[in-house]
Amino acid sequence: MKSLPFAVLVAVQLALAPAAQAKLSPTEAKMAKTVEAERGRSLALLEKLVNQNSGSQNLEGVEKVGAMMRAELEPLGFKVEWKPMRDTGRAGHLIATHVGKPGVKRLLLIAHLDTVFEPDSPFQSFTRKGDMGEGPGAGDDKGGMVVVVAALRAMQAADTLKGANIEFHMTGDEEDSGSPIEKARAGLVAAGKRADVALDFEGLVRDNGADMGSVARRSSDSWTVTTTGKASHSSGIFSAAAGDGAIYELTRILHRFRTELPEPNLTFNVGLIAGGQQADLDAGGIRASVSGKTNIIAGNAVARGDLRALSPEQIERVKAKMTAIVADHAPGTDAKISFDPGGYPPMAPTEGNKALLAKLNGVNRDLGLAEMAPLDPLKRGAGDISFVAADVDGLAGLGPYSTGDHAPGEAVDIPSISRQATRAAILMSRISAEKR
């Protein structure tokens with residue numbers, strides 16, 4: 001059975017809703033109709049954005065996506081500024097500001113221009129497959145930017161945008177941040193201090209088919225473990241003179257991580273591993289060159305991974321445990337661990353964040369949609385909203401639903417773009433009319 005268009009579905013749901021239930025105002029109903037009427041436009045914008053590669057290290061590509069977003073936002077009355085970040089090794093950020101009425105709440109919207117797919121990835125273009133749109137960044141986060149544009153256009157059509165105070169930050173290095181990260185995120189941190197509410201337009205998460213509300217995100221730090229051994233003839237492996245070699249020592253350390261570190265709200269991934277007679281990482285730490293022979297004990301090995309936690313205290317405690325494990329290396333080997341500078345802080349599940357989810361659920365009730373329960377923070381990754389979480393209440397996951405993020409085959413659920421844009425337009429209109 002073919003699914004009903006979103007605006008028609010909303011009308012049916014409202015007609016069947018209990019009389020005591022609140023309804024959309026005529027202005028809000030107009031926003032829902034505008035989003036539905038512009039579904040084709042939104043899909044065309046998504047395809048255009050996805051077909052421009054904007055891997056974090058493709059600086060020119062990120063700038064081109066920024067120019068596309070500028071073209072969408074300036075006609076809506078935003079003042080748009082490109083903030084170059086070449087001195088951090090990344091392209092820069094696009095910042096769009098809309099000045100509305102004085103004395104009402106200020107919104108900070110957050111999304112990102114870059115993707116994990118660099119120009120050498122075989123996954124490069126947008127393909128429509130029924131209700132799914134497959135392509136690099138289709139969900140993370142070009143779909144999120146399309147949701148913002150659709151929501152803002154609906155607000156403009158309903159005349160609620162003119163009074164809204166909005167600062168929209170689109171970072172160019174969310175997937176692989178510039179260095180030092182303190183400089184790369186300085187503008188966003190400052191924007192968080194100015195704002196009353198932060199809304200993050202990375203992807204919606206569904207759990208058992210239900211749309212979930214994200215009031216918390218865990219941190220993201222990266223670590224590197226290097227081990228060395230005595231490179232010699234393999235016939236002597238495991239002897240007191242030769243030892244176990246670098247690869248065995250590295251795997252022993254990683255096994256201890258896996259068995260000794262687990263605790264609630266913590267994950268730690270090994271994303272890259274290499275070992276041999278020689279093993280070297282590139283300057284970006286994302287590629288390795290290795291050489292070795294089966295009859296030579298490995299002299300060098302390296303592993304890189306991440307660490308995600310829900311509080312600063314948990315981060316420091318786990319880092320201390322990892323450091324102690326690495327220091328306890330086997331005879332005939334050496335081992336060291338380092339943590340990349342910067343990293344993403346956690347976004348704790350505060351009462352203010354939960355209150356924002358309650359407001360979003362008010363929108364859901366008026367749309368006739370199911371209430372969104374708080375998402376388990378283990379079920380989503382880190383994001384830019386965490387940099388402002390210490391200063392402003394926020395909600396994450398306002399972008400569309402997608403599958404297979406960060407891997408070839410990433411695909412956005414196209415109907416969810418309209419649903420999320422309608423939710424966002426109404427939520428932003430309501431909050432932006434509240435007094436500070």
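The shown structure was predicted, so the numbers you read here are calculated from the model rather than taken from an experiment.
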Under 3.5 Å, side-chain donor or acceptor atoms of residues 265-274 against the rest of the protein: list the pairs with distances, not counting sequence neighbours.
residue : atom : partner : partner atom : Å
Thr267  : OG1  : Arg218  : NH1          : 2.9
Thr267  : OG1  : Arg218  : NH2          : 3.2

With Phe257 via ring-ring contact (aromatic ring centres under 6.0 Å, His included) - residues at least two apart:
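Result, ring-ring contact (aromatic ring centres under 6.0 Å, His included) vs Phe257: Trp223.
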Results of ring-ring contact (aromatic ring centres under 6.0 Å, His included) for Phe387 - residues two or more places apart only
Tyr344
Do any side-chain atoms of residues 97-111 form donor-acceptor pairs under 3.5 angstrom with protein atoms, and if so which ones, sequence neighbours left out?
residue : atom : partner : partner atom : Å
His98   : ND1  : Ala164  : O            : 2.8
Lys105  : NZ   : Glu434  : OE1          : 2.9
Arg106  : NH1  : Arg194  : O            : 3.3

With no hydrogens and no angle check, do the side chains of Asn300 and Gln277 hold a donor and an acceptor under 3.5 Å apart?
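Side-chain D/A pair, Asn300 to Gln277: absent.
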Say whether Glu175 and His406, considering side chains only, have a donor N or O and an acceptor N or O under 3.5 Å apart.
yes
[X] side chain vs [Y] backbone, donor-acceptor pair below 3.5 Å:
| X | Y | value |
| --- | --- | --- |
| Asp173 | Ser56 | no |
| Asn361 | Met372 | yes |
| Arg365 | Ala370 | no |
| Asn53 | Gly55 | yes |
| Asp376 | Lys379 | no |
| Asp405 | Glu410 | no |
| Arg86 | Gly92 | no |
| Thr226 | Val302 | no |

Do any pairs count as a salt bridge (Lys or Arg N to Asp or Glu O under 4.0 Å) and have a residue in [range], sequence neighbours left out, and if so which ones?
| range | answer |
| --- | --- |
| residues 232-243 | none |
| residues 139-155 | Glu38-Arg153 |
| residues 108-126 | Asp120-Arg287 |
| residues 261-275 | Glu263-Arg317, Glu263-Lys321 |

List the atom of Gly236, the atom of Ile297, and the distance in Å for their closest heavy-atom pair.
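Looks like C-CD1, 4.2 Å.
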Would you call [X]-[Y] a salt bridge at under 4.0 Å N-O?
| X | Y | answer |
| --- | --- | --- |
| Arg128 | Glu47 | no |
| Asp221 | Arg308 | no |
| Arg217 | Asp384 | no |

Under the rule for salt bridge (Lys or Arg N to Asp or Glu O under 4.0 Å), what residues qualify as partners of Lys129, not counting sequence neighbours?
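Testing Lys129 for salt bridge (Lys or Arg N to Asp or Glu O under 4.0 Å), a comparison that skips the adjacent residues, returns Glu134.
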Using residues 240-249 as the side-chain source, report each donor-acceptor pair under 3.5 Å to any protein atom, sequence neighbours left out, with the distance given to one decimal.
residue : atom : partner : partner atom : Å
Glu249  : OE1  : Arg252  : NE           : 3.0
Glu249  : OE2  : Arg252  : NH2          : 2.7
Glu249  : OE2  : Ala330  : N            : 3.2

More than 12 non-hydrogen atoms from neighbouring residues, nucleotides or ligands closer than 6.0 Å to NZ on Lys319, yes or no?
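Atom NZ in Lys319 is packed in, count exceeds 12.
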Sequence neighbours excluded, the answer for side chain to side chain donor-acceptor pair (under 3.5 Å) partners of Thr350 is Asn353
Could you pull out all residues at least two apart from Glu60 that satisfy side chain to side chain donor-acceptor pair (under 3.5 Å)?
none
